[in-house]
Number of protein chains: 2
Amino acid sequence: MLTHAAEDYLKSIYKLQEKGGKVSTGILAAYLNVKPASATGMIKKLKTMKLVSHERYRGVTLTDAGRAIALEIIRHHRLLELYLFKALGVPWDGVHEEAEKLEHVISEDMEARMDEFLGYPTADPHGAPIPDKNGVVIQKEHIPMTDLQSGQSCRVAEVSDTDPALLRHLGNLNLYPGTAFHVKEVAPFEGPFTIDMEGEQVVIGREVAKHIFVDNVQDMDNV
Amino acid sequence: MLTHAAEDYLKSIYKLQEKGGKVSTGILAAYLNVKPASATGMIKKLKTMKLVSHERYRGVTLTDAGRAIALEIIRHHRLLELYLFKALGVPWDGVHEEAEKLEHVISEDMEARMDEFLGYPTADPHGAPIPDKNGVVIQKEHIPMTDLQSGQSCRVAEVSDTDPALLRHLGNLNLYPGTAFHVKEVAPFEGPFTIDMEGEQVVIGREVAKHIFVDNVQDMDNV
DNA sequence: TGTATAATTTAGCTATGCCTAAATTAATTT
DNA sequence: AAATTAATTTAGGCATAGCTAAATTATACA
């Protein structure tokens with residue numbers, strides 16, 4: 001069995017690898033809020049366990065064994081988030097923090113029971129995909145909201161789960177995964193978005209839009 | 001915040017204190033499966049935090065602050081056991097182990113949500129009392145089954161929660177808290193008990209009976 | 001009362017996982 | 001190509017929490 005810290009490193013390497021191949025020590029350390037020297041130390045340990053590949057000064061990658069563990073932890077995290085949300089009514093801006101602690105501690109049996117209770121779900125409350133019990137992730141195609149053009153319609157697919165204040169804000173605006181909206185206007189010079197949700201008009205700043213990902217994008221000019 | 005290990009020590013001191021005043025280093029160490037020297041070390045730390053009182057070679061006691069923390073952890077543990085049993089269908093011989101890990105990790109919010117879901121329960125699946133959120137425990141009067149005489153009737157009040165094999169055995173016999181039975185015969189020379197449960201006759205050995213506690217004891221000779 | 005036994009404590013070691021500061025290696029600039 | 005800058009690694013330290021072995025204290029017995 002691995003330590004909680006080691007599991008967190010593997011999970012972080014997985015996530016950082018998603019957006020751009022090899023992961024540098026510095027990026028990893030920043031992501032985990034530790035110093036680079038500490039990351040180097042853990043990387044060495046993970047290497048002796050054959051969970052990561054690493055060449056000095058060149059960055060880390062997960063091995064197949066490392067990725068399997070990372071996905072197992074991510075599965076725990078996302079199942080927990082959804083379970084806390086649906087079964088215990090924890091607000092969606094609170095589930096991440098709670099799941100962050102529980103993910104290292106639950107048994108395979110509890111994982112399976114939550115999975116069954118939830119009807120074998122494929123996404124957590126923020127829209128992130130839940131790997132299945134064999135570690136298979138179905139990664140849907142997402143587009144950052146900042147790429148949208150005036151006149152387009154789409155659906156919220158996923159939002160960042162880390163900042164509770166942002167999540168409360170998005171919740172107030174009803175911008176949950178699944179919510180459909182239409183881009184009324186994009187202000188020039190990297191300005192805010194004005195969107196239309198069932199008649200309600202809402203203005204979304206760039207900084208917020210960066211944390212929203214959409215799918216089902218359709219040009220609605222001629223509709 | 002305390003470490004998980006410190007919380008486990010406080011919880012253990014509380015439980016051992018219940019059955020006999022001051023707790024010796026050796027008893028505490030044995031209960032926690034650590035060496036006496038390790039217990040001495042932790043006791044020192046807890047003393048500097050004013051969570052225990054300790055005189056060298058004389059044993060430990062919890063301070064009010066220490067007891068409050070112990071009861072908080074015990075509350076977490078027992079609420080979790082009942083929650084896992086009722087909400088997720090974890091069998092009663094499995095809830096202890098799972099709760100042992102989760103008890104150190106759940107938030108006050110999650111504690112409150114489970115409490116509400118369960119309807120503010122007062123006992124866990126093994127019959128142990130759940131302290132309320134202010135740390136008040138209603139300790140019901142229990143009698144060890146080994147004290148029963150032939151001809152008496154009673155109800156299972158509580159069973160030990162630590163040994164899964166024992167719990168599976170008791171479960172097979174339907175000896176859950178609340179189950180009523182009548183003592184048909186107590187074999188002489190510390191022999192086994194023959195009990196009657198709704199017509200079914202079952203023989204319970206001494207070693208098993210030691211782990212069963214009963215209440216509502218009534219002499220049924222003249223009934 | 002003195003001595004043997006049992007329990008407890010001290011001392012010193014290990015491993016994890018973090019830190020800071022210094023040294024090394026790589027990348028960029030001139 | 002040399003020098004500066006940035007990133008990474010090494011070295012050494014700290015806290016937690018366990019361990020063993022030795023020293024100490026208390027208790028029980030004769």
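Naming convention: chains lettered A, B, ... in sequence-line order (proteins, then strands); numbering from 1 in each chain.
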When the distance from [atom1] of [X] to [atom2] of [N] is rounded to whole Å, what number comes out?
X     : N      : atom1 : atom2 : answer
B/K35 : D/dA22 : NZ    : P     : 16 Å
A/L2  : C/dA15 : CG    : P     : 18 Å
B/K47 : C/dT10 : NZ    : C1'   : 15 Å

Given protein heavy atoms under 4.0 Å, the one-letter contact record of nucleotides 5-17 of chain D, with B base, S sugar-phosphate only and - none, is simply ---BBB-----SS
Salt bridge (Lys or Arg N to Asp or Glu O under 4.0 Å) contacts in which one or both residues fall within residues 105-122 of chain B, not counting sequence neighbours =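 Passing the test, one end in residues 105-122 of chain B: B/R75-B/E111, B/R75-B/D115, B/D109-B/R113.
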By ring-ring contact (aromatic ring centres under 6.0 Å, His included) - contacts of A/F117 (at least two apart) =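 By the ring-ring contact (aromatic ring centres under 6.0 Å, His included) rule, A/F117 matches A/Y83.
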Check side chain to side chain donor-acceptor pair (under 3.5 Å) between [X] and all other residues, then give those that pass, not counting sequence neighbours.
X      : value
A/D161 : A/H96
B/R58  : none
B/S107 : A/E98

